[in-house]
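Letters A, B, ... mirror the listed sequences (proteins, then strands); counts begin at 1.
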2 protein chains.
Amino acid sequence: MATLGELERAVMDLLWQSDSEDPAEIALTANALRDRLARKTASSPDGKELAVTTVLTVLSRLEKKGLVQRERDIRPHRYRAVTSREEHTVELMNEVLGSAPDREAVLAKFIGSVSEQEAETLRKLLTA
Amino acid sequence: MATLGELERAVMDLLWQSDSEDPAEIALTANALRDRLARKTASSPDGKELAVTTVLTVLSRLEKKGLVQRERDIRPHRYRAVTSREEHTVELMNEVLGSAPDREAVLAKFIGSVSEQEAETLRKLLTA
DNA sequence: AAATTGTTCTACACTACGTAGAAACTTGTA
DNA sequence: TACAAGTTTCTACGTAGTGTAGAACAATTT
């Protein structure tokens, strides 16, 4: 499965986040990402700054995985998430589900595993 | 995430399968598994037999991951799946879902991604 | 007790990921 | 235009997970 490493996940989180923030920043540069990663990790006061090359490597890998798209025409390349976080999560759920022979049985159990409030939301969606 | 390798998956598939078959065989030995793995791969006529130690290694790892339980008291140890395949799949789905900040949005999209027939099943389950 | 069968230990190759330096390339500028 | 600063690519290493199995050790059978 297309499971992400810790840093890959952190980068995707930033790209997904930028989706909703300042619309001028949907696509970020490696440097912008490096800075935000540093600030993010600032919860632990080690002030750890990654090398830009590290971020670039990760971005290349994410691009190869099809999760990230890069604008190559402009010079500091800009990177953006190909899908929204929600879409991606749904894809993962379907990957997991797809590998099951008895999909309906799984879905049944799954429904039973969500909160009552969420079940209510689903009910509305399904009967709409 | 607790993602499985190819061989680990194959072993789990056999253990999950044995759940529904001959009830005397819910728990299998490493040798039984090795044989079945060979037959399974028989689709490609390489007749590839794994070493029993290979199967045992994988079983140990699966045990460590909590997916498999072994009966140590009897001598050819017997192995069984701790959860059903469906339960396991649901756990995975919830793992994926849990890492999302906006669960309901994901669920909404997810609902839209299943077939109409499955949606119908879910509708019944939710309104029951 | 010896032979057979089963289990544990140890190990190696391969891949994914975090990490980054060195080299190559671009671009702005003196 | 030639150089400096910024950017990207290449290469590489450490670690962890997985597939694979031999060697050594333990239990069972005969």
Side-chain angles (χ1 to χ4, degrees), chain A residues 1-15 27-38 40-41 44 46-80 88 92 95 99, chain B residues 1-15 25 27-41 44 46-80 88 92 95 99:
Chain A
M1 196 194 315
T3 202
L4 300 182
E6 200 174 331
L7 181 54
E8 292 176 325
R9 159 68 64 181
V11 168
M12 288 311 298
D13 277 345
L14 287 172
L15 293 179
L28 301 177
T29 66
N31 269 300
L33 284 165
R34 188 214 49 217
D35 294 346
R36 301 189 181 203
L37 285 169
K40 187 125 283 180
T41 317
S44 36
D46 48 351
K48 180 178 196 169
E49 283 260 313
L50 287 174
V52 190
T53 52
T54 299
V55 179
L56 282 164
T57 301
V58 167
L59 284 168
S60 292
R61 288 174 182 165
L62 288 172
E63 190 188 24
K64 192 176 302 175
K65 292 184 189 183
L67 292 183
V68 154
Q69 191 188 348
R70 102 163 71 180
E71 293 169 24
R72 291 194 129 91
D73 41 337
I74 55 184
R75 210 55 237 272
H77 291 180
R78 288 177 167 273
Y79 303 80
R80 76 176 64 225
H88 179 250
L92 285 187
E95 262 182 66
S99 69
Chain B
M1 196 193 318
T3 203
L4 299 182
E6 200 174 332
L7 182 53
E8 291 176 325
R9 160 68 63 183
V11 167
M12 287 311 297
D13 277 344
L14 287 171
L15 291 180
E25 292 194 357
L28 301 177
T29 67
N31 269 299
L33 284 165
R34 188 213 48 216
D35 293 347
R36 300 186 182 203
L37 284 169
R39 252 180 276 138
K40 187 125 286 182
T41 318
S44 37
D46 48 353
K48 178 177 198 171
E49 284 260 313
L50 289 174
V52 190
T53 52
T54 299
V55 179
L56 282 164
T57 300
V58 167
L59 285 168
S60 292
R61 289 173 183 167
L62 289 172
E63 191 190 22
K64 191 175 303 175
K65 292 183 188 182
L67 292 183
V68 154
Q69 190 188 350
R70 102 162 72 179
E71 294 169 24
R72 291 194 129 94
D73 41 336
I74 55 183
R75 211 54 239 273
H77 292 178
R78 286 176 169 274
Y79 302 80
R80 76 176 65 224
H88 179 250
L92 284 188
E95 261 183 67
S99 70

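Both A:Arg61 and A:Arg75 lie close to DNA chain D; mapped to their nearest nucleotides by heavy-atom distance, the more 5′-ward contact belongs to A:Arg75.
The distance from atom CZ of B:Arg70 to atom P of C:dT7 is 8 Å, rounded to the nearest whole Å. As a whole-Å value, the separation of B:Arg78 CZ from D:dA27 P is 19 Å. The nearest whole Å value for the distance from the CG atom in A:Leu56 to the C1' atom in D:dC10 is 12 Å. Protein atom CZ of A:Arg9 is 12 Å distant from nucleotide atom P of C:dC17, rounded to whole Å. Here the P atom of nucleotide C:dT7 and the CD atom of B:Glu71 are 12 Å apart, to the nearest Å. In this structure, A:Lys64 atom NZ and D:dC10 atom C1' are separated by 12 Å, rounded to whole Å. With rounding to whole Å, A:Arg72 atom CZ is found 13 Å from C:dT26 atom P. When the P atom of C:dT19 is taken as reference, atom CZ of A:Arg34 falls 14 Å away, rounded to whole Å.
Phosphate contact (OP1/OP2 of D:dG19, side-chain N/O of B:Thr54, threshold under 4.0 Å): absent. Checking the phosphate oxygens (OP1, OP2) of D:dT8, a side-chain nitrogen or oxygen of A:His77 falls inside 4.0 Å.
Atom CD in B:Glu6 sits 11.5 Å away from atom CG in B:Leu4 (nearest 0.5 Å). The CD atom of B:Glu63 sits 5.0 Å away from the CZ atom of B:Arg72 when rounded to the nearest 0.5 Å. Atoms CG and CG, from B:Leu33 and B:Leu14 in turn, are 6.0 Å apart once rounded to the nearest 0.5 Å.
Using a 4.0 Å heavy-atom cutoff across all strands shown, A:Lys65 reaches sugar-phosphate atoms only and no base atom. Among the protein residues, A:Leu7 comes within range of the sugar-phosphate backbone only, with heavy atoms under 4.0 Å from sugar or phosphate atoms but none that close to a base.
Between A:Val58 and A:Leu50, the closest side-chain pair of non-hydrogen atoms is not below 4.5 Å. Side-chain contact check for A:Met12 versus A:Leu67: some heavy-atom pair is nearer than 4.5 Å.
Candidate nucleotides D:dT20, C:dG6, C:dA20 were compared by shortest atom distance to the side chain of B:Asn31, and C:dG6 ranks first. Closest to the side chain of A:Thr53, from the set C:dG21, C:dA11, D:dG22, is C:dG21.
Evaluation of atom-type donor-acceptor distances gives a pair under 3.5 Å for the side chain of A:Thr57 against the base of C:dA20.
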